[in-house]
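I have a structure I would like to understand better, so I am pasting it below and will then ask my questions one at a time.
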Amino acid sequence: MSPGLRRLIGLLRKEILQIWRDPSALAIAFVLPAALLLIFGYGVSLDARAVPLALVVQRPGALASSFTAGFDRSPFFRPRRYRTIQAAEQAMAAREVQGIVWLPSDFGRRAATGGNAPIGVLVNGVDANDARLIEGYVQQLWANWLTIRAEAAGGGAPLPLSVAARVRFNPAVSSRDYLVPGLIAVIMTLTGALLTALVIAREWERGTMEALMVTRVTLREILLAKLIPYFLLGMGGMAASVAIAVFLFAVPLHGSLWVLTAASALFMLAALGMGLLISGFARSQFVAGQIAIIATFLPAFILSGFVFDINSMPTAIRVITHVVAARYFVAILQSVFLAGNVWSVIVPNGLALAGMAAVFLGLARAIARKRLD
Amino acid sequence: MGGQVLALLIKELLAVLRDAKSRIVLIAPPLIQLLVFGYAATFDLNHVPVAIYDQDPSAASRDLVARFLGAPTFRLVAMLHSDRRIDALIDSRQVALVLVIDRRFTRDLLTGRPAPVQAIVDGRNSNTALLIEGYANAILTDFSLGWGAAHGQRAPPAVLDLRARYNPTLSSRWFIVPGIVALLTQVVTLLVVGLTVARERETGTFDQLLVTPMGPVAILLGKGLPGLLIGVFEASIIIAAAVWWFDVPLRGGLVPLYLGLFLFVVACTGIGLMISSLAATQQQALLGAFLFMVPSIILSGFATPIANMPGWVQDLTLLNPMRYFLVIVRGVFLEGSGVDALAGQYWPMGVMGVVTLAAAGWLFRRRVT
Amino acid sequence: MPAHTDPGRTDPVRDPKADPAAPVAAARVADAAPALRLEDVRRSFRTGARVVAAVDGITAGAARGAVTGLIGPDGAGKTTLMRLIAGLLRADAGRIAVLGIDVARDPLGVQARIGYMPQRFGLYEDLSVRENLDLYADLQGVAPDARAARYNELLHMTGLGPFTARMAGRLSGGMKQKLGLACTLVRPPELLLLDEPTVGVDPVSRRELWQIIDHLTGAAHMTVLFSTAYLDEAERCGSVLLLHEGRLLGHGPPGSFTAEMAGRSFTASASLARRRLQARLAALPGVIDAVIQGSRVRVVTATATPPDPAGLVAQAPDLTFTPVPPRFEDAFVARLRAQQTDRPPPPLPLAGEGRGEGGADRATPSPQPTPPSGRGGSGGREPNPLPDVISVRNLTRRFGAFVAVDDVSFTVARGEIFGLLGANGAGKSTTFRMLCGLLPASGGSLRVAGFDLRTAAAPARGRIGYMAQRFSLYGDLSVAQNLRFFASAYRLTGAHRRARIAWAEAEFALAPMREATARDLPLGFKQRLALACALMHAPDILFLDEPTSGVDPLARREFWHRINALAEAGVTVLVTTHFMEEAEYCDRLVIMAQGKVLAEGPPEAIKAGARTAAAPDPSMEDAFIAVIEAAAPPARAA
């Protein structure tokens with residue numbers, strides 16, 4: 001055995017013993033991702049269900065009933081009936097209902113005569129996203145109602161256009177199915193960077209790094225000895241997260257596990273590389289932890305496209321998202337989970353991840369010195 | 001005791017403000033976060049890449065296409081001439097929507113049959129998918145009604161008159177930016193208060209403090225007040241930025257806003273002091289603050305509505321002060337709510353403030369005496 | 001080693017004719033290159049706006065096969081120099097050759113041939129003794145078949161044989177130190193660098209470490225570079241580099257330092273109380289140093305003539321001076337005094353004559369009469385007419401299953417300086433924290449001025465002053481802001497507050513540094529400021545936790561001078577220290593080890609207990625070792 005290999009194996013053995021004896025690394029690798037995934041998985045949902053909605057029918061009639069019946073059946077709404085528009089508006093001001101659907105007193109008469117009877121739809125626009133989704137649901141109910149009416153009246157198109165919407169990959173349009181894979185990327189960014197940054201900072205704090213430096217060990221051996229065990233640990237955390245996603249949150253996994261594993265490996269290298277880079281600057285666990293949270297977690301959360309659409313961001317910010325490794329991993333994860341092995345997504349994003357891993361690891365190696373200054 | 005508390009307060013503020021580095025740490029990250037959040041965290045769709053496969057190039061279809069491309073929401077990536085590339089374009093995420101105008105489009109329109117238009121949406125991001133669908137539907141409906149009216153077809157019995165109260169253009173910035181007031185106020189207050197005792201423990205000055213005639217209450221007050229001042233100050237900067245930089249309307253008065261802000265910062269200070277009295281090192285304090293902050297932000301309604309969460313999680317959010325302050329800050333900004341309309345939000349924070357401060361005091365005494 | 005005239009005597013730093021290799025040449029063995037050669041080495045660090053020259057132009061060398069001591073107080077540049085030599089830092093200027101290799105050019109080549117033990121021993125605390133050895137054997141490339149024999153040798157040498165399976169984190173300080181040493185010795189290095197290996201280690205372990213080092217340099221012909229802040233260790237080195245504030249104050253065999261002090265050291269004895277005697281002797285012209293040693297006072301003069309006692313005839317007619325052999329510390333003090341003409345020390349109050357403005361001011365909190373003079377003076381403790389200010393009975397503190405303080409009892413009378421002496425982990429800090437009310441006791445009772453400070457009301461705490469380890473100040477605040485804060489914390493208001501702050505600035509000569517940020521102060525100033533803050537409210541009782549660790553001998557003397565004056569004025573002082581020397585200043589002390597009190601009494605009495613035919617005049621350290629060994633006979637033959 002060459003002395004270099006023996007040194008590496010010695011360091012690896014030390015690292016594994018430490019992981020085994022000090023639960024903090026295991027906690028970061030497994031407990032942290034699991035806890036975050038659970039919090040986010042349960043806490044973050046964009047699917048509006050059973051939205052409280054005020055229905056104001058000023059003059060009840062058959063036509064009005066047939067329209068409001070759609071709301072009663074819809075899983076999206078929990079309608080409450082109010083006699084006057086004023087009462088409904090008060091309820092909205094008191095945040096008891098999110099929106100108002102108002103059939104004025106002349107609704108029946110105008111619908112029967114000239115058509116185009118206006119139905120007032122007023123939504124609380126404070127949460128703009130929610131408001132848009134509610135508007136969309138109302139429009140759908142309205143279109144359905146028109147079709148049913150037309151069929152009942154004996155044929156004839158209710159509207160000149162017939163729109164057939166087809167949603168590829170996530171036909172149930174469940175937000176959890178797309179958020180959870182993205183979350184895995186966000187969480188593993190933090191975990192990966194924390195793992196390496198904290199364990200190296202710990203060696204600095206305890207003075208052991210100083211002792212290591214004055215041996216024959218080379219920098220490459222020190223970095224490899226950190227990278228290999230924490231890579232395996234990080235992949236373990238990744239596997240646990242995927243298991244939670246698939247078995248607890250019932251997110252479908254259409255793509256192959258091999259693609260997922262390969263992409264995760266590339267991403268984990270990039271995240272660990274970022275941790276190594278941080279540890280090049282930060283010599284205390286406190287500072288390393290702070291930098292890891294600020295430099296990895298926040299950008300991954302906001303700029304990865306995991307919840308906020310990158311295309312909609314201003315150009316300057318869109319450019320910045322290209323240096324966020326999580327961005328590429330989010331794209332791969334969402335495709336592999338929901339679409340399958342879509343090579344046109346996997347290959348370019350995978351290459352980008354490989355490039356980022358190479359850059360981070362290369363930078364970490366370049367700024368590392370076998371010195372204290 | 002007043003003099004001691006004042007001395008401690010001045011000392012804490014000096015410690016934060018004398019050092020250029022900690023001054024920057026206090027000012028720069030919140031402002032950067034404000035800008036990034038304000039610009040990047042948006043649910044509004046812009047420049048959605050679309051492809052259009054018009055199988056029936058005609059005046060009618062051109063009119064429809066023009067309506068799509070006229071909106072800033074959509075950005076044309078490709079005009080297709082066959083259906084071969086449709087799935088590939090969506091799969092590779094080059095486009096999020098493909099609009100297919102059927103061969104029979106004009107003929108059906110003229111003969112009064114439903115003219116088929118197909119919208120194929122990338123569902124990997126379900127929220128975006130729903131929004132795209134909504135936008136597309138609105139344009140198509142608009143077109144339908146216009147065409148029907150122009151060509152003397154029978155009008156539908158009823159049409160929707162959609163309006164949004166408080167945020168007529170449904171800009172998510174109006175939703176997110178006031179939320180940032182709550183978010184950053186919490187982060188800054190927790191960090192200032194949560195780390196202060198731990199920092200003194202680490203440098204050893206805390207023992208020095210404990211052997212002075214200063215009582216635990218005086219120390220707690222002296223440690224909590226700087227967080228309160230800094231939190232309110234920081235929030236004021238962000239409120240100003242929201243109004244003058246991001247042009248979010250401030251419709252309500254400052255009284256209901258600052259009453260809520262004060263109660264919120266008191267509650268955050270109480271939580272920060274609890275973390276402070278439990279943590280022995282700054283690292284533990286940071287971890288404690290992080291462990292509290294992440295769930296508290298996620299489960300506050302900052303980005304996603306509380307109503308969408310499972311029932312037991314919704315019950316959990318009742319313990320989260322940020323939840324209440326978010327309602328207040330958005331209510332005052334956008335809805336112009338007054339104190340009485342928000343009463344239901346004030347008292348829980350007040351209760352939390354009292355409980356957390358009392359708990360901090362108790363924990364503190366237990367560790368100190 | 002030939003008698004060596006110190007080349008740096010006229011100007012230790014800049015003399016171009018100083019030949020660093022001179023002592024090396026004498027000890028040079030067959031190897032070609034000297035172990036170490038430093039040529040005008042410089043290295044500075046930036047802290048905030050200030051640039052500190054940690055190593056400021058050092059030219060020196062070290063001989064092979066001997067121990068070279070790197071000696072100086074904290075901030076002298078010892079650790080920086082060690083790291084420069086180990087290739088862990090790069091010099092700003094100058095050249096360092098280790099074993100003939102230029103460190104800047106080939107750090108790996110140097111690191112392959114040296115062993116380095118950093119300050120905290122560089123051990124993995126969650127690895128066992130054996131696993132630590134295995135790791136360093138792997139890293140140093142020791143062949144697997146050679147290990148068993150080498151381990152045996154090392155474990156026998158360090159006495160760690162029975163503990164191979166124990167986690168390093170659960171070893172005592174002394175055992176950690178030996179394990180750290182064993183790890184660096186797994187493959188015998190040509191040059192061994194030990195950075196402050198004896199800090200916080202009990203004297204028994206310290207003595208054992210020196211035995212190991214003597215063995216290494218003797219039988220194994222290893223070269224050792226040993227840094228320390230304990231000046232008494234200088235005399236065990238073959239050659240010494242004396243550092244102060246980054247500069248080389250002297251260089252040569254320890255004998256050359258003491259030789260220049262020949263005929264200048266005396267002990268003075270008189271019937272006068274020792275603290276008063278010490279204060280008066282220190283004020284005599286021609287006296288550059290006067291420290292209390294037992295019941296007598298050790299005096300060092302500027303020239304080789306005994307001091308002229310003319311001015312003291314009235315107070316001490318029976319004053320006699322006995323010549324004693326010089327110590328290394330005398331040489332250090334002499335050099336510092338010579339250097340310090342440009343920086344006069346702050347005015348010192350005369351012991352027994354009040355405390356300047358502070359003494360006059362003290363009427364407010366406690367108008368007790370001044371104790372009869374001479375109390376606590378002459379070593380033996382007289383029957384005490386006054387109630388004990390501090391009383392501790394059967395005090396016990398457990399942390400889980402670990403008993404940190406085990407059934408400790410002692411009392412301290414008013415105006416007494418009382419010491420808690422012991423190594424790190426002996427339980428003295430825990431005892432101290434319980435007395436200050438910072439930690440509850442698990443059992444037993446304690447009373448400070450009649451109160452348990454843990455439950456005492458604020459006024460009781462207003463009567464004590466406290467100076468924490470490492471001179472804990474608010475580093476971000478200026479000197480004036482620190483003073484103002486503590487004045488308010490001690491409930492001083494209005495004119496009284498202003499007067500006390502003015503007193504502190506004048507008394508401790510802090511006025512010129514008023515606006516300086518506390519963190520950037522030199523260590524001596526920090527110590528002064530910390531004491532000023534602790535005395536802001538003129539307390540009756542003063543708690544001092546390791547008050548002089550790391551400061552230079554002059555700052556230490558100045559500090560004790562003040563404490564003596566306070567004690568003379570009736571302030572009770574409780575002090576913890578692991579500095580054996582410092583025990584001499586105490587009126588009485590307890591020696592603690594493993595949570596128990598092993599001995600109690602005046603320093604003279606404790607030293608007398610260790611007197612043997614072989615050692616008729618034992619040092620405090622000898623006494624300490626004797627006490628420890630009497631309590632627990634050594635596990636193995638040394």
Side-chain angles (χ1 to χ4, degrees), chain A residues 39-40 42-48 111 115-133 135-136 139 142 146 157-170 173-175 178 285-286 289 302-303 308-309 311-314 317 334 338-339 342 344-345, chain B residues 39-47 90-93 109 113-131 133-134 137 140 144 147-148 155-167 170-172 175 282-283 295 298-299 304-305 308-310 313 330 334:
Chain A
I39 293 169
F40 281 80
Y42 282 117
V44 178
S45 165
L46 292 164
D47 306 331
N116 280 341
I119 300 172
V121 178
L122 190 64
V123 294
N124 184 332
V126 171
D127 184 341
N129 191 56
D130 235 20
R132 273 211 200 86
L133 296 179
E135 283 186 353
Q139 276 178 314
W142 170 71
L146 287 184
L159 283 173
L161 291 185
S162 90
V163 181
R166 182 159 70 92
V167 179
R168 272 181 76 79
F169 309 130
N170 188 357
V173 279
S174 144
S175 68
Y178 97 86
Q285 295 190 67
F286 178 66
I302 301 169
L303 303 176
F308 301 111
D309 189 65
N311 278 313
S312 304
M313 296 175 188
I317 291 179
Q334 286 182 351
L338 299 176
V342 184
S344 52
V345 172
Chain B
Y39 284 111
T42 170
F43 288 112
D44 305 343
L45 292 185
N46 291 305
H47 329 290
I90 289 200
D91 290 358
S92 64
R93 296 199 142 181
L109 267 181
R113 271 189 301 226
V117 175
Q118 202 186 12
I120 303 161
V121 186
D122 179 358
R124 271 170 287 197
N125 184 332
S126 66
N127 192 57
T128 310
L130 283 175
L131 293 179
E133 253 188 88
N137 267 328
L140 293 168
S144 289
W147 172 275
V159 290
L160 297 178
D161 174 18
L162 295 168
R163 280 181 204 177
R165 177 62 56 88
Y166 310 127
N167 184 358
L170 288 183
S171 150
S172 29
F175 174 66
Q282 290 195 68
Q283 197 174 339
I298 299 307
L299 304 179
T304 60
N308 297 355
M309 299 168 192
V313 179
R330 286 173 180 152
L334 301 179

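Reminder, nothing fancy here: chain letters follow the sequence lines and each chain counts from 1. Just the heavy atoms: all of them, side chains too, but no hydrogens, waters or symmetry mates, feed the values below.
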For each of A:Val121, A:Val44, A:Leu303, tally heavy-atom pairs with chain B at distances under 4.5 Å, and name the one with the top tally.
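Highest number of heavy-atom pairs under 4.5 Å: A:Val121.
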Closest approach of B:Ala40 and A:Ile302, non-hydrogen atoms and distance?
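Taking B:Ala40 first and A:Ile302 second, the nearest heavy atoms are CB-CG2, 3.8 Å.
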Answer with side chain, backbone, both or neither: which region of A:Val342 has an atom nearer than 4.5 Å to a non-hydrogen atom of chain B?
side chain
According to salt bridge (charged side-chain N to carboxylate O under 4.0 Å, His left out), who are the partners of B:Arg330, at least two apart in sequence or on a separate chain?
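With neighbours one apart ignored, the set is empty.
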Identify the two heavy atoms, one from A:Tyr42 and one from B:Pro310, that lie closest to each other, and give their separation to 0.1 Å.
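Heavy atoms only, the tightest pair is O-CD, 3.2 Å.
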For a 4.5 angstrom cut-off between non-hydrogen side-chain atoms, does B:Asp91 reach A:Val345?
no
Counting only heavy atoms closer than 4.5 Å, note whether B:Ser171 contacts chain A via side chain, backbone, both or neither.
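It is the backbone, since no side chain atom gets that close.
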A:Ile317 versus chain B, the contacting section by heavy-atom distance below 4.5 Å:
side chain
Taking all non-hydrogen atoms of both residues into account, name the closest pair between A:Asp127 and B:Pro305 and its distance.
OD2-CG, 3.5 Å
Who pairs with B:Tyr39 by ring pair (Phe, Tyr, Trp, His ring centres under 6.0 Å), at least two apart in sequence or on another chain?
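B:Phe246.
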Which atoms of A:Asp130 approach chain B - backbone, side chain, both or neither, heavy atom under 4.5 Å:
side chain
So which part of A:Ile39 gets closer than 4.5 Å to some heavy atom of chain B, the side chain, the backbone, both or neither?
both
Among A:Gly289, A:Gly43, A:Ala117, which residue forms the greatest number of heavy-atom pairs with chain B at distances under 4.5 Å?
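Counting heavy-atom pairs under 4.5 Å, the top option is A:Ala117.
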Report which part of B:Leu334 has an atom under 4.5 Å of a heavy atom belonging to chain A: side chain, backbone, both, or neither.
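Only the side chain of B:Leu334 comes within 4.5 Å of chain A.
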Residue pair B:Asn46 / A:Asp309, side-chain heavy-atom distance below 4.5 Å:
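B:Asn46 does not reach A:Asp309 side chain to side chain.
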